[in-house]
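Worksheet: one structure, shown below.
Values below: every heavy atom of this structure, side chains too, minus hydrogens, waters and symmetry copies. Numbered from 1 within each chain, the chains take letters A, B, ... in sequence-line order.
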Amino acid sequence: MPSARVSPEERLEHAAEGEEERDAVELASLDGATIIEAATGEPEEAVATPSIAIDAERLADAQIVTTKEETWPERGVDLEVDAARGLRLKNPVLTASGTFGQGIEYAELIDVSRLGAIVNKGTTRNPRPGNPQYRIAETPAGILNSIGLENPGAAEVARVYGPKWAKLRVPVIVNVAGYSVDDYVFVVEALAQTPGVVAFELNISCPNVEGGLLFGQDPALAAEVTRAVRETTDLPVIVKLTPSATDVVAVARAVEEAGADGLTAINTVLGMRIDTAKRRPILGTGSGGLSGPAIRPIAVHITYQVAQAVSIPIIGAGGVTSADDALEFLMAGASAVQVGTATFADPEVPLRVIEGLAAYVREQKLSSIRDVIGAALPNGGRMVPRG
Amino acid sequence: MIIEDGRVVASTQIGELGALLSIYAPDVASRASAGQFVHVRPGTGWDPLLRRPYSFCRIDRRGGEVELIVKPLGPGGEWIATRHVGETLDLLGPLGTAFVVRRDTKNLLLVAGGTGIAPMRVIAEQEAARRSVTLVMGGRSVAYLWPSDRLPASVEYVATTDDGSFGIKGRVTDVMPDLLGWADQLLACGPWPMLAAIGRMRDDAARGPVVPGRQALIDAQIAVEQHMGCAMGVCRACVIVTANGNARVCREGPVFALGDVAFEAGEPATVGLT
């Protein structure tokens, strides 16, 4: 039962009695105040009219987790792979585009320098505000997303994140999305000289934005954009395949022919959920991209098919949650894997996959993780050119 | 922020608001502030997959405990809400921004709707001995109100219910005008329509004459909710439109200056139409 209301005058008296010196000290010690200070460089009391805008990137700088290499469980095990032609990585575990931001965010929780590489958020020529809400919906063992490639544009990505990537001590692969061949070339030119960037991954398959689907569904268009980017940069060019293509293998062959150094298999699978109470799709754009363990068998199967059709390395992606999941992709012919959606549930999954693969190499007494690449293919192994 | 396995030490049903879980998680507790949240994993497998965000409802740093109100919404919320004493919960946090109570505030007005009581209760507990605190809470009926015996005795508690089953029949915005003249500072947390209604009061006040309470409205801070994915700032699922452009509720929020948040028909303004 609420007590009787007290008049403002009485309250003022009460407040004067209750005010104590220690209060201000305790308040200043609250993390909230500390965060504001860390972000603005100003003491708490200077926030007269509270502005709560936080410079998260600046905050992240101060809190990057680092561990000593001597303590890494995978140390001493040969996990080195060529994730693409000309892209040798210390281990085969990457983080998938759109699930790892610009690499700096999760660096507050895990030592990202242990990863083989990170793939940044899809980057476009111009800034994009992204799609209307809702942008995410949960599905059985997966999620649907329709973010709409929200990003600050290639120039801003290079300016803001380039200096941070240089400090992360992990190779960065820039994920490139576009709506014309010129768009892709523009982004690659804008980021080719950025410190830390070791390769490009072409998103020719983002199913969320009108027009984005076309490149990846048509072998000729996919080849055209691959060729244009190939002529723009000497860095390795990886093409991320979409399961929405009628003939994924044909697209894979076409982009290999056009000069791609590697493939990522696969991007998200189109899907939809309906809000039955509102009688309309949950996502603001209606449909979205399905990811997570729900799509893993689809991704493994496409990897298995493509591995028999091309000779460039493949990076498997789709629902990897463990070293055993990663081994499925490797045995299906992938040279590396990307961990994506699982990171949302457990940010330590990418590192645990590395540890698990190292343990597997030890237990199986393999000379390297490369020994299992393609082990499940009809010919019992996959030879991809190294270096 | 960190990842910590918290241990459930108590679980109480609070009417229709949800289960109030007391969790021993000293590392999270020592870092937590009112308005911030933890992202809780609903199990150990991959279905349901996404963590669920809950604002701290109590922060006991000395005791190493936090409390969360968990509505059994969907399979994930249900799993978390039904954890028993002694079981563990995988916590990622604390995340996001916190409310800032100004040092010179004498009269603090807190407004809560539904589970939006969580951060308001933390502030009420922290500030009750320091300044004069009034908490206004609204709910559908008495079953949706926070029990007054779980607030410091010195906190003035004003309840409103839609059906008049307790306190004043009406909405929190019906009683706020009477209290704003007294308030030096206003903090609020609740469903979007409630926050949008307070936003309209702010817009009116900003256009109106200088009267007591006007500044409290103009400077008000709110904590908002949004469908969330990673809560680490990477997936951009939770963005809303603010005066500073798109903002991630998990990172730039959940606490925002009320005047910075764009509303549209009682909901967050539509993203992507710039």
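Contact annotation for Thr321(A): both backbone and side-chain heavy atoms come within less than 4.5 Å of a heavy atom of chain B. The contact between Ala342(A) and chain B is made by backbone and side chain atoms together, counting heavy-atom distances below 4.5 Å. For Glu267(B), no part lies near chain A; criterion is any non-hydrogen pair under 4.5 Å. Contacts of Ile2(B) with chain A are made by backbone atoms alone, with heavy-atom separations under 4.5 Å and no side-chain atom involved. For chain B, the nearby part of Thr139(A) is the backbone; its heavy atoms alone come within less than 4.5 Å.
Closest of all the heavy-atom pairs between Tyr106(A) and Met232(B) is CE2-CG, 3.5 Å. Nearest heavy-atom pair across Asp346(A) and Arg51(B) is CA-NH2, 4.3 Å. When all heavy atoms of Gly101(A) and Val234(B) are compared, the closest pair comes out as N-CB, 3.2 Å. Here the shortest heavy-atom pairing between Pro140(A) and Asp47(B) reads CA-OD1, 3.7 Å.
Shown here is Tyr134(A), whose OH atom has no more than 12 heavy atoms of other residues, nucleotides or ligands within 6.0 Å. Within 6.0 Å of the CD atom in Glu225(B), the count of heavy atoms belonging to other residues, nucleotides or ligands does not exceed 12.
The CD atom of Glu105(A) sits 6.0 Å away from the CZ atom of Arg248(B) when rounded to the nearest 0.5 Å. Atom CD1 of Ile136(A) and atom SG of Cys238(B) lie 9.0 Å apart (nearest 0.5 Å). Atom CZ of Arg135(A) and atom NE2 of His227(B) lie 13.5 Å apart (nearest 0.5 Å). One distance of note links CE of Met1(B) with CG of Leu109(A); it measures 5.5 Å at 0.5 Å rounding. Rounded to the nearest 0.5 angstrom, Trp46(B) CH2 and Ile143(A) CD1 are separated by 12.0 Å. To the nearest 0.5 Å, atom CG of residue Asn131(A) and atom OG1 of residue Thr270(B) are 11.5 Å apart.
At least one side-chain heavy atom of Val239(B) sits under 4.5 Å from a side-chain heavy atom of Gln133(A). Two residues are said to be in side-chain contact when any heavy atoms from C-beta on lie closer than 4.5 Å; Phe344(A) and His39(B) fail this criterion. At a threshold of 4.5 Å between non-hydrogen side-chain atoms, the residues Pro347(A) and Leu92(B) count as touching.
The greatest number of non-hydrogen atom pairs below 4.5 Å with chain B, out of Ala345(A), Gly142(A), Gly319(A), is found for Ala345(A).
Panel note: side chain Glu138(A), backbone Leu50(B); a donor-acceptor pair is recorded below 3.5 Å.
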